[in-house]
Amino acid sequence: MMKQVRVRFAPSPTGYLHIGGARTALFNWLFTRQNNGRFVLRIEDTDSERLKEDSVKQILDSLKWLGLDWDEGPGKGGDFGPYYQSQRQDFYAAAAETLRKSGKAYYCFCTEEELAKERESQRQKGLSLRYSGKCRDLSDAKVRERLAQGLKPVLRIKLPVSGQIVVRDLIRGAVTFQYEELDDFIIMKSNGLPAYNFACVVDDHAMKISHVIRAEEHLSNTPKQQFLYEALGYALPQFAHLSMILAPDRSKLSKRHGATSVSEFKDLGCLPEAIINYLTLLGWSPSEEQGEILSSEQTISSFSLDKVSKTAAVYDLQKLIWLNGQYMMKYDLEQLVAHAVPFLMQAGIISGELEAEQKHDYLCSVINVLRARVKTLPELAEACRYFFQDVVDYEEKGQKKYFFKQEDVETLLAQGRERLAKVEDFDIENTEKAYRDLIEELQIKGGQLIHPTRLALTGRTVSPGLFEVMVLLGKERCLERLAQAIRFIKATKAEKEEV
RNA sequence: GGCCCGGUGGUCAAGUGGUUAAGACACGGCCCUUUCAAGGCUGCGACACGGGUUCAACUCCCGUCCGGGUCACCA
C-alpha cells in the first residue's frame, strides 16, 4: 500500500501572501487533491522580530479566497498539531538534545560579531562563506566552563568534512552537493529557538509529510535538511522544487513591480478562479485538447509534478487580465454580481448592500450585457454607471463626431424620440423596429441615428447594443435623456452663434 | 566570488536524434457589426553562442555567455 500523501504549505507570517507563495500553495493543493492526500498548513513563526501583525490572518484569508482549503492547520486542528512552530518548542528541544548527546551536534560560543568578521574576510579572499569550525572540538570541560559563565551558545550540526550528498528532486532529478561546500550550520539559536532548517525537518517528520513541494530558493537548503533527516534517523520525504516566478524584468518579485500579492490582485478586480487558472499555467501546462481555461477540478485530474517546468517564469499581467475576462463572461451571474458589488460601491454607483439587494434583478441584467465587454471588476463597475446615474456630460470626442458634425442632429433625435414614445411594449424588437423604420423612411445610414442616440443615452461612444441599453434604461429614462441631449445640442449651438 | 538550478518568438509554453518547431497572451490585418467587446479567419515572430559526438542535433556532451537561487543566531 502506498503511504498516504501528506503535503504542507508553510508560510512565514512576515507579510501578505504573494503570488509565488500562492502558486506553491496551489501546486501542493493540486497534488494532494489528486492523490487523496492531506494538505497541512503550518505557520513558521519562530522569528518573533520579523513577524507582522495580522499577517497570519491575511495569508489565511488569501488562501481561503483562492479556494485553497487545507485539511489540517490553523482553524482546522488535526492530529499533528500544534500547527504554529512557536508552539512546538518541545519537539525541537528534544530532537536537538538527541543530536547533541550523540555527538552529532555541538555547542558553539562564537559571537555574531566574530562570525561576521570571519565571513567578511572570506568574502574578500573570494572563498565561499562558511563557519570555521572553531567550536567543533571544544572539550567538555571548556563547554561546561563557558556555560557556567552564563554564555548562551548556539547548537551546530556536525557535518562530514568531505564526500557528497545527493538530493533526488522530483522535478530536477539528482542534484549533487559536496560537503566541503556546506558548513556546520546552526540548528538551535542562542535564544533557544530552532533555526529554520532544523524546525522544518523536525516538523515535516512529526507531521508525516510525504512530499515537500516548495520553491526553488530552498533547493540549496535541501542537502542540509537531508543530512538532518539522516542524523535523526528519519525517513526522507520526496522533494520537489518549483521554479521561481519572476518580475517582467527577470528580477525577483518585489513591491516596485506593482501588484504581487493575492490581495492586490483581488483589489484589481480579478476573480479567484482566474488567478488560480493563471497560476496553474505558470509552470505547468495542460494537454492540448484541454485548452488553457481549466477549472481546478479539471486541473486536479490531469496535474502531474513531472510535467512542471524547470524554468523560471515571468508573470504576465496581460494574460491574467485576459483570463479574468474569460471568466467574467462565463461566470455564474449571481456570483459575478456578488463580486462586483464592492466595486460598484467603491465607484459610488450604488450606495451599499441594501441598494444592491433592492436592485438585484436589474443589476443582474445590466451586468449580463456588460460582462463580455470588460475584463476586470472595476471596469465592469464603471461600465454600469449610466444605468444607475443620470448622464451629466457627453464624451468630448463623441460630441464633435455625433452631435455637431452632421446638420440637425437635434431634429433627428427628436424624431427618434417621437417614435420611441409610441412604442408600447418597450422591448428590443420593438425599439429596434421603431428606429429601423425611421432610418428607412429618412433614407439615412443607421449609424447616423444610432450613434447620436447612444451618446444621448449613455454619454459615451461605447456601450452594449443600443436597443439592449434602451430596454434596460426603460422608456421613460430614454425619452428624458433624449430630450436632455436635444436641449444640450441646441444650447451649445446657440452659444456658438453668439460668439 | 564559491556552489546549485535554468536558457524554445516580447511573455507563458508543447516538442522530438530526422517535424512546415504546436498552442495561448500581446501585436498587425480581415470577416461579423450600430459603437465597444465577444467570436471566426489570418499574419508577424523563437530553438543564447561556440565547439564536439552523429549520416543527421533545437534535442546528447563540453565550454562560453546570460538569468535566477543560495552562501544569516531570516524563513
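Order of the sequence lines sets the chain letters (A, B, ...), proteins ahead of strands, with each chain counted from 1.
Across all strands shown, B:rG40 is found opposite B:rC30 as a Watson-Crick or G-U wobble partner, with both distances under 3.5 Å. Both distances falling under 3.5 Å, in either a Watson-Crick or a G-U wobble arrangement, place B:rC60 opposite B:rG52. The pairing partner recorded for B:rG67 is B:rC5, the criterion being a Watson-Crick or G-U wobble arrangement whose two distances lie under 3.5 angstrom. For B:rG17, there is no paired nucleotide, since no Watson-Crick or G-U wobble pair has both relevant distances below 3.5 Å. If you check B:rG45 for Watson-Crick or wobble pairing at under 3.5 angstrom, you find it has no partner at all. When both distances must be under 3.5 Å, the Watson-Crick or G-U wobble mate of B:rA24 is B:rU11.
Contact annotation for A:Met329: backbone-only contact, meaning every heavy-atom pair under 4.0 Å involves sugar-phosphate atoms and none involves a base. Using a 4.0 Å heavy-atom criterion, one finds that A:Lys152 contacts no nucleic acid atom at all. Within 4.0 Å of A:Glu113, counting heavy atoms only, lies no atom of the nucleic acid at all. When heavy atoms are screened at a 4.0 angstrom cut-off, A:Glu292 is found touching base atoms of the nucleic acid. Among the atoms of the strands shown, only primed sugar atoms or phosphate atoms (P, OP1, OP2) are found under 4.0 Å from some heavy atom of A:Lys252. Residue contacts shown for A:Arg436 include a base, since a base heavy atom lies under 4.0 Å away. Contacts of A:Pro464 with the nucleic acid, taken as non-hydrogen atoms under 4.0 Å apart, include base atoms. A:Leu219 comes within 4.0 angstrom of the backbone, heavy atoms only, and of no base. Base contact: A:Glu112 has a heavy atom under 4.0 Å from a base atom. Among the protein residues, A:Val154 comes within range of the nucleic acid bases, having at least one heavy atom under 4.0 Å from a base atom. Within 4.0 Å of A:Asp183, counting heavy atoms only, lies no atom of the nucleic acid at all. Among the protein residues, A:Gly291 comes within range of no part of the nucleic acid, since none of its heavy atoms lies under 4.0 Å from any strand. Heavy atoms of A:Arg119 sit under 4.0 angstrom from primed sugar atoms or phosphate atoms, though from no base atom. Within 4.0 Å of A:Thr176, counting heavy atoms only, lie sugar-phosphate atoms of the nucleic acid but no base atom.
Between A:Pro464 and A:Leu370, the closest heavy-atom pair is CG-CD1, 3.2 Å.
Distance CD1 (A:Ile186) to P (B:rC71): 13 Å, rounded to an integer number of Å. One can place CE of A:Met328 at 15 Å from C1' of B:rC36, the figure rounded to the nearest angstrom. Taking atom OH of A:Tyr315 as the reference point, atom P of B:rG10 lies 20 Å away to the nearest angstrom. Here B:rA26 presents its C1' atom at 12 Å from CG of A:Leu317, a figure rounded to the nearest Å. Rounded to whole Å, atom C1' of B:rG68 lies 15 Å from atom NE2 of A:His218. We find that NE2 of A:His241 is positioned 13 Å from P of B:rG6, with the value rounded to whole Å. Rounded to an integer number of Å, the gap from A:Leu438 CG to B:rU34 P is 16 Å. In this structure, the CG atom of A:Asp184 is 13 Å from the P atom of B:rA72, given to the nearest Å.
The listed nucleotides are B:rG68, B:rU35, B:rA37; the one nearest the side chain of A:Ser463 is B:rU35. Among the nucleotides B:rC74, B:rU34, B:rA72, the one closest to the side chain of A:Phe467 is B:rU34. The nucleotide whose nearest atom lies closest to any side-chain atom of A:Leu115 is, among B:rG6, B:rC25, B:rC73, B:rC73. The A:Leu282 side chain lies nearest to B:rC12 when the options are B:rG69, B:rA75, B:rC12. When each of B:rC73, B:rC12, B:rA75 is scored by its nearest atom to the side-chain atoms of A:Ser12, the top-ranked nucleotide is B:rA75. The A:Thr46 side chain lies nearest to B:rA75 when the options are B:rA26, B:rU8, B:rA75. Considering only the side chain of A:Ser285, B:rA14 comes nearest among B:rA75, B:rU70, B:rA14. Of the candidates B:rG68, B:rC12, B:rU34, the closest approach to any side-chain atom of A:Ser251 belongs to B:rG68. Side-chain atoms of A:Glu181 lie closest to B:rC3 of the nucleotides B:rU35, B:rC12, B:rC3. Taking every side-chain heavy atom of A:Thr311 into account, B:rU8 is the closest of B:rC5, B:rU8, B:rC73.
Salt-bridge check for A:Glu379 with A:Arg371: failed, with every basic side-chain N at 4.0 Å or more from each acidic carboxylate O. Using a cutoff of 4.0 Å between basic side-chain nitrogens and carboxylate oxygens, A:Arg42 and A:Asp204 are scored as salt-bridged. For the pair A:Lys117 and A:Glu112, the salt-bridge criterion is not met [side-chain N within less than 4.0 Å of a carboxylate O]. Salt-bridge formation is not detected for the pair A:Glu216/A:Lys310: no Lys NZ or Arg NE/NH1/NH2 atom is positioned less than 4.0 Å from an Asp or Glu carboxylate oxygen. Taking the charged nitrogens against the carboxylate oxygens, A:Arg460 and A:Asp393 have no contact shorter than 4.0 Å, which rules out a salt bridge.
For a distance-only test at 3.5 Å, the side chain of A:Ser220 fails to qualify as a donor-acceptor partner of the base of B:rC4. Judged by distance alone, with hydrogens and angles left aside, A:Arg172 brings no side-chain donor or acceptor close enough to the base of B:rC5 to form a pair under 3.5 Å.
Rounded to whole Å, the P atom of B:rG40 lies 13 Å from the corresponding atom of B:rA26. Distance check on atom P: B:rC49 versus B:rC58 gives 10 Å, rounded to whole Å. B:rA22 and B:rC12 are spaced 14 Å apart, taking the C1' atom of each and rounding to whole Å. Spacing between B:rG51 and B:rU70 at atom C1', rounded to whole Å, works out to 31 Å.
Side-chain nitrogen and oxygen atoms of A:Arg250 include at least one within less than 4.0 Å of the OP1 or OP2 phosphate oxygen of B:rC12. For A:Gln290, no side-chain nitrogen or oxygen approaches OP1 or OP2 of B:rA24 to under 4.0 Å. For A:Lys307 and B:rA13, the shortest distance from a side-chain N or O to OP1 or OP2 is not below 4.0 Å. The phosphate of B:rG6 has neither OP1 nor OP2 within less than 4.0 Å of any side-chain N or O from A:Ser243. OP1 or OP2 of B:rA75 lies within a sub-4.0 Å distance of a side-chain N or O belonging to A:Lys189.
Ring geometry for A:Phe488 against A:Tyr394 counts as tilted: the plane angle lies between 30° and 60°, on a 0 to 90° scale. Ring-plane geometry between A:Tyr107 and A:Phe109 is classed as tilted, the angle between the planes lying from 30 to 60 degrees on a 0 to 90 degree scale.
Checked by atom type, the side-chain pair A:Ser463/A:Arg454 shows a donor-acceptor distance below 3.5 Å.
Aromatic rings of A:Phe303 and A:Trp284 (six-membered ring for Trp) have centroids within the 6.0 Å cut-off, being under it.
Where A:Gln318 and A:Ala313 meet RNA chain B, the nucleotide closest to each residue was compared, and A:Ala313 sits on the side nearer the 5' end. Nearest-nucleotide positions on RNA chain B place A:Glu288 closer to the 5' end than the other of A:Ala195 and A:Glu288.
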